[in-house]
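Heads up: the structure comes next, in structure tokens.
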Amino acid sequence: MSMPIGDVAPEIAVILTAVIVLLAAAFTPQRLHWLGAPIALAGLGIAAVLCAGQLAGPPRISFSGVWAVDGAGVWARLLIVAATALVVVLTPGWFMTDRRHGEYYAMLLLSTVGAMFIAGAADLLQLVMGVLLSSVTGYTLAAYHRDWALSVEAGMKYFLIGALANALLVLAVTLLFGLYGATGYGEIAAAIGSAPAPAPQGIALAGLALAVVGIGFKLAAVPAHTWMADVAEGAPAPSAAFLTVVPKIGAAIALARLLTLFPPEVIAWRPLIATLSVATMTLGNLAALWQSDLRRLLGWSSVSQSGYALMAIAVVGLTEQALPALVFFLAGYAAANVAAFAAVTHLRGRTNIDDYRGLATVRPGIAAALTLALLSLVGIPPLAGFVGKLLLFWATIDAGYAWLAAVAAANTVASLFYYLRVLGPMYFHTETHTVPSLGRWALGGTIAAGAAIIGLGVGAQALLAPLASTSLLP
């Protein structure tokens, strides 16, 4: 098989940028480490252009069957690059006094490559490599404030849960390889389709279930979700923005790609994913109701949003609307969640909900951005989150899972209560205390993310046209 370098050119661009940033950090004084941000943005811009160029080509499997260049994978990689760029903009002000400021950009870019590998993996070993790269760098990003106990605790919890989940994923690969004699998705699909007798159901189900748990760790889905709230609270704010968004994008596409290899008549995985969807969104919403810390609230909200993404994954292959709905929902979620953490970052990490009382009076612009983010996460029109959830409900109902859409609608209504616990005091208290801000970089990131929320919602019709033909190769 051919190995065209152009198929992985975006990843190469990001890796080379990480190397350049790391070398620049090693040979420049700390006061110039902020230059890593524009260098990183330039590399991410090149990667985005290269990804966009792949959309015009036909879907294909390359590099000896381990790499998929299809609509879903390319769109996911574009979203990963765009979300990372927003996080980079939040970084300079936050780490300005950190001696390892320059190194942070390199770690962020390498974690981005891991998420891109996950999204494009067409082989179980390639998937494991992407998950491990994303995880190892993610642990570092979560615990980057090594002198702050809460950050170290977040990194440790992330590591412990990740170690277990990654071990389960490797065990799943072992079982599936032993059962089908291959790790490539195409070969596995062919083995399933040509087998004279069905494979042992117990082993196949166990292998697939373990793989779902392993990938679900990156998605922060039940049962591997417990790290999310701690990372959202304890990681540096830019790291929290990144880790609650970017790995999820790759994991959602990877899970959908893996599950479509198994016909429902061989393994009835759709009820399993639908059940996980209900459990994830319900648990996330219930846990968020009791939070008094905004970052923990956003962490549990992020868990619930994973449940909505699982709705589309559960019906992939039953309706043509599932993949476009999944990709657009991920785009809207990424913009809203990064915007929320951008507001927290710009306000120097203030995190207690009581600290946001009267914010609309003293910082109306930041209050507006945070309001857009939270309302979009709920699904209020005409914001991106509304269009994303509407597409999810439509696809789920069209596929015959109306009950799942009804549960999701009930969860959406329930989520409004804990978001209003933040928004109400922001606008209905008139305290005039001083609220320090971080600087122009963080402000720019907040404005950009807020604009993306509005742009995706208002321009949804134009964006959905190219998404309509999104493909997902095995």
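- At least one side-chain heavy atom of Trp403 sits less than 4.5 Å from a side-chain heavy atom of Val278.
- Here the side chain of Glu11 pairs no donor or acceptor atom with the backbone of Phe117 at under 3.5 angstrom.
- Between the side chain of Thr174 and the backbone N or O of Val170, at least one donor-acceptor pair lies under 3.5 Å.
- A distance-only check finds a donor-acceptor pair linking the side chain of Thr112 to the backbone of Leu108 [under 3.5 Å].
- Judged purely by atom type and a 3.5 angstrom limit, Thr470 has no side-chain atom pairing as donor or acceptor with the backbone of Pro324.
- Of all the heavy atoms in Phe63 and Pro4, the pair that sits closest is CE1-O, 3.0 Å.
- A donor-acceptor contact under 3.5 angstrom links the side chains of Thr244 and Asn337, judged on distance only.
- The minimum heavy-atom distance between Ala240 and Phe341, with the atom names listed, is CB-CE2, 3.6 Å.
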Please assess Phe95 against Trp34 for the test ring pair (Phe, Tyr, Trp, His ring centres under 6.0 Å), listing each intermediate value before the final yes or no. CA-CA 9 Å; Phe95 286 100; Trp34 67 270; over 10 Å; no
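- The side-chain heavy atoms of Phe242 and Leu141, taken from C-beta on, include a pair separated by under 4.5 Å.
- Ser376 places no side-chain N or O within donor-acceptor distance of the main-chain N or O of Leu372, the cut-off being under 3.5 Å.
- For the pair Leu391 and Leu464, the minimum side-chain heavy-atom distance is below 4.5 Å.
- Proximity of the aromatic rings of Phe159 and Trp227 is defined here by a centroid distance below 6.0 angstrom, and this criterion is not met.
- Between Arg60 and Asp70 there is no salt bridge, since no side-chain nitrogen of the basic residue lies less than 4.0 Å from a carboxylate oxygen of the acidic one.
- No more than 12 heavy atoms of other residues, nucleotides or ligands shown are found within 6.0 angstrom of CD on Gln461.
- Judged purely by atom type and a 3.5 angstrom limit, Tyr104 uses its side chain to pair as donor or acceptor with the backbone of Ser239.
- For the pair Lys389 and Tyr308, the distance from NZ or CZ to the six-membered ring centre is under 6.0 Å and the angle to the ring normal is within 45 degrees.
- Checking side-chain atoms of Ser306 against main-chain N and O of Leu219 turns up a donor-acceptor pair under 3.5 Å.
- Taking the six-membered ring where the residue is Trp, Tyr333 and Phe329 present parallel rings, their angle staying beneath 30° rather than reaching 60°.
- In this structure, Tyr418 and Ser301 have side chains that are in contact, with non-hydrogen atoms separated by less than 4.5 Å.
- Ser111 places none of its side-chain heavy atoms less than 4.5 Å from the side chain of Leu133.
- Side chain of Trp75 to backbone of Leu467: no donor-acceptor contact under 3.5 angstrom is found.
- Using a cut-off of 4.0 Å between Lys/Arg side-chain N and Asp/Glu carboxylate O, Arg296 and Glu233 are scored as salt-bridged.
- Ser134 places no side-chain N or O within 3.5 Å of a backbone atom of Val131 that could act as its donor or acceptor partner.
- For Thr446 (side chain) and Ala342 (main-chain N/O), a donor-acceptor pair under 3.5 Å exists by modelled atom type.
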